[in-house]
Amino acid sequence: MTNPLPAWSALQTHYEQIRNEQMRDWFAPANDPAPTRAERYTYAGGGIAADFSKNRINDTTLKLLVQLAREAGVEQRRDAMFAGEVVNPTEGRAALHTALRATEPNAPFHAQVLAEKAKMAKFADAVRSGAWTGYTGKRIRHVVNIGIGGSDLGPKMVVHALKHLETPELDSHFVSNVDGADLWRVIEDIDPEETLAIIVSKTFTTLETMTNARSMRDWFVKAGCPEDALAKHFVGVSANPAEVVKFGIAKENVFEMWDWVGGRYSLWSAVGLSIMIAIGPQQFDELLAGAHDMDEHFRTAPLEKNLPVLLGMIGIWYRNFFGSQSYLVAPYSEALHYLPSYLQQLEMESNGKQARLDGKFVDYATSAITWGEPGTNGQHAFFQMLHQGTTIVPIDFIAVLTPEHPLADHHPKLLANCFAQSEAMMLGRTEEEAKKIAGPDKPELVPHIMFPGNRPTTTLLVDALTARSLGALIALYEHKVLVQASVWNINPFDQWGVELGKILGKVVEADLTAASGDVKAHDSSTSALIARARAALKR
Ligand code: F6P
């Protein structure tokens with residue numbers, strides 16, 4: 001697989017030179033007597049420290065990766081994005097999520113952004129204080145965010161992560177799946193008189209969200225809420241306000257986002273209304289401030305010390321030179337439970353592309369598969385394969401140094417596991433070491449207790465899980481995606497790949513729900529599935 005940039009071929013040669021080198025040798029006192037490796041490969045930005053030292057990199061690797069970033073025009077793409085240029089050419093749009101957290105008065109759309117944020121804050125304060133009531137005068141106790149993809153994953157992830165900052169007066173719920181079980185499991189346990197639904201959809205046409213929104217409206221009406229009082233229970237967030245009003249939401253209850261904000265980059269906008277209600281306008285500002293810290297770091301730090309650049313380029317190193325298929329995100333933080341699923345959309349919907357910006361197809365790999373699970377749970381499930389399996393999966397460990405809960409004695413155990421895993425991945429266990437452990441009586445055990453080691457990990461350290469540090473962490477990954485997209489010469493801001501399934505889904509649904517008639521217009525497999533389901537649905 002090739003890329004015409006000179007640094008790309010230099011990296012291919014370099015890969016051949018170091019592919020068999022062992023990280024444990026690089027760390028060994030004989031080669032690193034001071035030792036300095038950890039220090040040399042640890043960088044900080046936006047309040048986050050990143051230890052890249054347990055990666056299969058040396059000074060030459062980093063030099064060439066940074067050279068590749070330069071040759072690929074990472075800096076130009078970054079600056080064009082911040083300046084509001086049309087960096088999403090297939091949809092003719094800018095991608096200005098950074099403007100949502102900018103503090104500079106001359107930032108693009110600044111007045112508009114501030115005005116919408118003020119409207120959100122007024123509403124959030126009213127709900128939080130109990131001034132906003134339901135149709136019977138009861139205060140709101142349940143906020144149900146109805147949205148999917150970017151209109152769900154970001155807010156859900158942040159509200160869960162910052163639960164320790166959530167007002168005790170309210171519970172937040174997130175409903176995304178068109179499977180009625182998702183909505184039902186939430187509404188069967190809550191009181192409509194105390195419930196506020198936030199319908200979030202950039203387009204306000206998404207099948208799942210509109211289906212859930214309609215069912216939610218029926219639920220309110222069946223419970224006795226008069227039609228003309230629904231405004232007390234429904235607000236909408238969209239870039240298509242006319243459609244929101246058509247749905248029946250009062251004009252004054254519509255919060256706007258804009259077409260220059262991509263869905264998966266939108267939690268900083270009114271899409272984050274559920275976040276603001278949960279943690280309050282001040283903490284929401286802290287979240288934005290953290291993201292802005294990372295924006296500034298990304299914009300101004302030299303590429304050699306720039307966290308999003310290094311994280312992105314090291315990802316490229318494994319994806320395009322080692323041929324890694326996937327990478328794992330393992331937050332050693334239960335609060336960050338939903339970070340991996342949020343990152344799945346961010347990374348794979350952004351960079352899972354085959355067409356370059358010039359319309360030609362790539363002949364190199366693009367987005368790796370992103371997956372993950374909080375530690376330590378993953379250790380007792382799939383880490384076996386990471387240690388001794390035949391596939392190398394690079395890992396991002398994320399550790400939060402101080403706990404956000406009072407059970408302080410758990411924390412050393414949690415952190416110890418995180419750091420021990422990265423050590424074990426790097427060191428492995430040699431045959432000699434395995435023989436010593438197996439002892440003379442059990443030589444047959446040796447191959448089973450050997451670990452190849454040399455498995456790459458990055459450890460991201462956050463001092464404490466605050467709204468600010470979380471904002472910086474999310475922005476780090478947003479910018480990492482742009483860095484990789486620049487090298488792959490693809491557009492990270494469109495998502496044409498989700499369209500085909502949506503179009504065919506409508507046809508299949510019509511066939512499934514048709515009262516009668518043959519199901520013929522599909523391949524034999526799809527037709528047979530429809531026929532079986534149709535029979536079951538009639539039962
Ligand atoms: O189908 C994919 C997608 O368009 C995502 O990009 C988006 O985040 C999600 O659907 C939801 O879209 P909307 O906010 O318009 O309902």
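Order of listing sets the numbers, starting from 1, for every ligand and every atom in it. No hydrogens, no waters, no symmetry mates; every other heavy atom, side chains included, goes into these values.
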Donor-acceptor pairs are to be reported for all side-chain atoms of residues 219-236 against protein atoms at under 3.5 Å, with residues two or more places apart or in another chain.
| unit_1 | atom_1 | unit_2 | atom_2 | d |
| --- | --- | --- | --- | --- |
| His233 | ND1 | Pro192 | O | 3.4 |
| His233 | ND1 | Thr195 | O | 2.7 |
| His233 | NE2 | Tyr135 | N | 2.9 |

Just distance, no hydrogens or angles: give the donor-acceptor pairs under 3.5 Å from side chains in residues 497-510, sequence neighbours left out.
none

Before you tell me yes or no, could you show the steps for Asp511 and His522 under side-chain hydrogen bond (donor to acceptor under 3.5 Å, both in side chains), namely the whole-Å CA-CA distance, both residues' side-chain angles and the distance that decides it to 0.1 Å?
CA-CA 10 Å; Asp511 276 342; His522 306 270; 2.6 Å; yes
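In summary, Glu169 and Arg139 engage in a salt bridge, as defined by a charged side-chain N under 4.0 Å from a carboxylate O.
At a 4.0 Å heavy-atom cut-off, the residues surrounding ligand 1 are Ile148, Gly149, Gly150, Ser151, Ser201, Lys202, Thr203, Thr206, Gln345, Glu349, Gln495, Val498, Lys502, listed by chain and number.
Legend: salt bridge (charged side-chain N to carboxylate O under 4.0 Å, His left out) pairs involving residues 148-165, not counting sequence neighbours, sorted by first then second residue: Lys163-Glu166.
Taking CE of Met257 as the reference point, atom NZ of Lys202 lies at 5.5 Å (rounded to 0.5 Å).
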